[in-house]
J.: 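Please see the structure below; I have some questions.
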Amino acid sequence: MAGEPRGPEFSALMAAAQDGDRRAYGELLRALTPVLRAMARRHWTMARVQDIEDVVQETLLAIHQARHTFDPGRPFLPWAGTILRHRLSDVRRAGQRRGRRETPIVDELPAPAPSAEHATDVPTLSRAISRLPAGQRQAVELLKLKEMSLQEAASESGQSVGALKVAMHRALLRLRQLLGEAE
Amino acid sequence: MDTDRLIDSLVDDLRPVRRLASPGRRLLRWLAISVPVVGLIVLAMGIRPDLPPMLLEVPFLAEIGFAAATALTAGWAALAAGVPGTPRWRLALPLLPLALWLASFAGHWLMAVKMRHVDALAVLFDPMCVPMIAEIGFVPAAAMAVMIRHGAADGVKPATLWGMLAATALADVGLRMVHGVDAVPTVIIWQFGSVAVFSALGPIALPRLLAPRAALA
């Protein structure tokens, strides 16, 4: 698409993001997302749409955490591509682990209604929450169990609203994985 | 959470970060910390009396040179492993000086055992050398572990292996100024043993112990 950032522009946007420029960072991540999706599909042709989206989201999180390692003098896409390949391996391994425990009949069942999430028994859910890393556990406890608002939880935990959102997102992904293993 | 909301969260969470220096510059910092410490410990322990004539022997110089080259290349690879996108062949560079170092060391050691009729197993497990080796190798290994923390999480395992090898090789250079060849097997076993332990425990312990974090500006 005309006007989309290319390699050198990705580097410039990331350099600005390293200096704290949120506008440049938003532009970078939004432009990068379809590129990551295409890269993930190229490496994993048999993946479901949700798997590709998991890989993209995990890659965005990893890029966020590793952004200080990017050297603006070097090309951006090989840097981001390496991070994506690591996340791709993680998601595929997690999928294979789940797949070994499931029987084919599961694929034929209708998708559970959203309310079915609440049907998970409390001890299993408690065990899964207790296995989360401390930051993610605190996000779940404050936002879901104590039903605090993001502002209240941020004030209680001393974390920023953005950090809490990221921790909650990671916690939900991890819980989905843990509850999948427990079934 | 959909991807657009995740991006909004990441943008909200953005803070300025201090860029990681190049692996070469960080290697110089590591050497600036480690070499003086190793040198001071060598001086404190006392330089071996036969060092001047040994410095004229090619096998001795070759062994020291290969160990130093291993320390430099493994140190660079350890620090580069935390930078996504570093070509894999560059991360494999320490294998060449490592092979030469181990070959020269093995030849030197076998010759010493043969000529002096030393019991090889007694040499391998000389417990008197362990505190000395620990002293020489501790600061380079600790400094490297701290530096590895600043890299990306995906590179922690290869970085740990190469970093411990770099500390091993640097400790060996120092040790050879103090001690005869007989101590080298112990340094190898002690330091490489720690590498094996790190490798075995890595998947469990390293993500927490060496969890890299962005350096806020």
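Proteins get letters first, then strands, A, B, ... in listed order; numbering begins at 1 in each. FYI, side chains are in, hydrogens and waters are out, and symmetry mates aren't considered; it's all heavy atoms of this structure.
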J.: Report the C-alpha distance between A:K165 and B:D12 in whole Å, list the side-chain angles of each, state the deciding distance to 0.1 Å, and finish with yes or no for side-chain contact (heavy atoms from CB on, under 4.5 Å).
T.: CA-CA 9 Å; A:K165 284 183 183 176; B:D12 284 347; 3.5 Å; yes
J.: Per the side-chain contact (heavy atoms from CB on, under 4.5 Å) rule, which among A:L29, A:T33, A:L36 passes with B:T3?
T.: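 So, applying the side-chain contact (heavy atoms from CB on, under 4.5 Å) to B:T3 and each of A:L29, A:T33, A:L36, only A:T33 qualifies.
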J.: If only atom types and distance count, is the side chain of A:T82 paired as donor or acceptor with the main-chain N or O of B:G85 below 3.5 Å?
T.: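 Judged by distance alone, yes, a pair lies under 3.5 Å.
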J.: Let me know if A:D90 has heavy atoms under 4.5 Å from chain B in its side chain, its backbone, both or neither.
T.: neither
J.: Looking only at heavy atoms and a cut-off of under 4.5 Å, which of B:L20, B:D4, B:L14 has the most pairs with chain A?
T.: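 Most heavy-atom pairs within the cutoff with chain A belong to B:L14.
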J.: Does a side-chain heavy-atom distance below 4.5 Å link B:V83 with A:D71?
T.: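 They are not in side-chain contact.
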J.: Look only at the side chain of A:H169 and the backbone of B:R5, and say whether a donor-acceptor pair between them is shorter than 3.5 Å.
T.: no
J.: Report which part of A:A15 has an atom under 4.5 Å of a heavy atom belonging to chain B: side chain, backbone, both, or neither.
T.: both
J.: Identify which of A:A80, A:G81, A:P72 forms the greatest number of heavy-atom pairs closer than 4.5 Å to chain B.
T.: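 Maximum pair count with chain B is reached by A:P72.
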J.: How long is the straight-line distance from CG of B:L6 back to CE of A:M168, given to the nearest 0.5 Å?
T.: 13.5 Å
J.: With a 4.5 angstrom heavy-atom cut-off, which part of A:R87 approaches chain B: side chain, backbone, both or neither?
T.: side chain
J.: What pair of heavy atoms forms the shortest contact from A:L60 to B:L10, and how long is it?
T.: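 Smallest interatomic distance, heavy atoms only, reads O-CD1, 3.8 Å.
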J.: Please classify the contact of A:R37 with chain B as side chain, backbone, both or neither, using a heavy-atom distance under 4.5 Å.
T.: side chain
J.: Of all the heavy-atom pairs spanning A:H68 and B:H150, show the shortest one and how long it is.
T.: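 Closest heavy-atom pair between A:H68 and B:H150: NE2-O, 2.7 Å.
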J.: Which pairs with one or both residues in residues 4-45 of chain B pass ring pair (Phe, Tyr, Trp, His ring centres under 6.0 Å), sequence neighbours excluded?
T.: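 Listed by first then second residue: nothing to list.
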J.: Grab the two heavy atoms, one from A:G26 and one from B:V11, that are nearest each other, plus how far apart they are.
T.: CA-CG2, 3.6 Å
J.: Hey, could you give me the CD1/CD distance between B:I7 and A:E27, rounded to the nearest 0.5 Å?
T.: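 It comes to 12.0 Å.
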J.: Is any NZ, NE, NH1 or NH2 atom of the basic residue among B:D8 and A:R22 found under 4.0 Å from an Asp or Glu carboxylate oxygen of the other?
T.: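 No salt bridge links B:D8 with A:R22.
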J.: Keeping B:D154 on the side-chain end and A:H86 on the backbone end, is there a donor-acceptor pair under 3.5 Å?
T.: no
J.: So, using ring-ring contact (aromatic ring centres under 6.0 Å, His included) as the criterion, who are the partners of B:W76 when residues are at least two apart?
T.: none
J.: Between A:D19 and B:R19, is there a salt bridge with N-O shorter than 4.0 Å?
T.: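 Yes.
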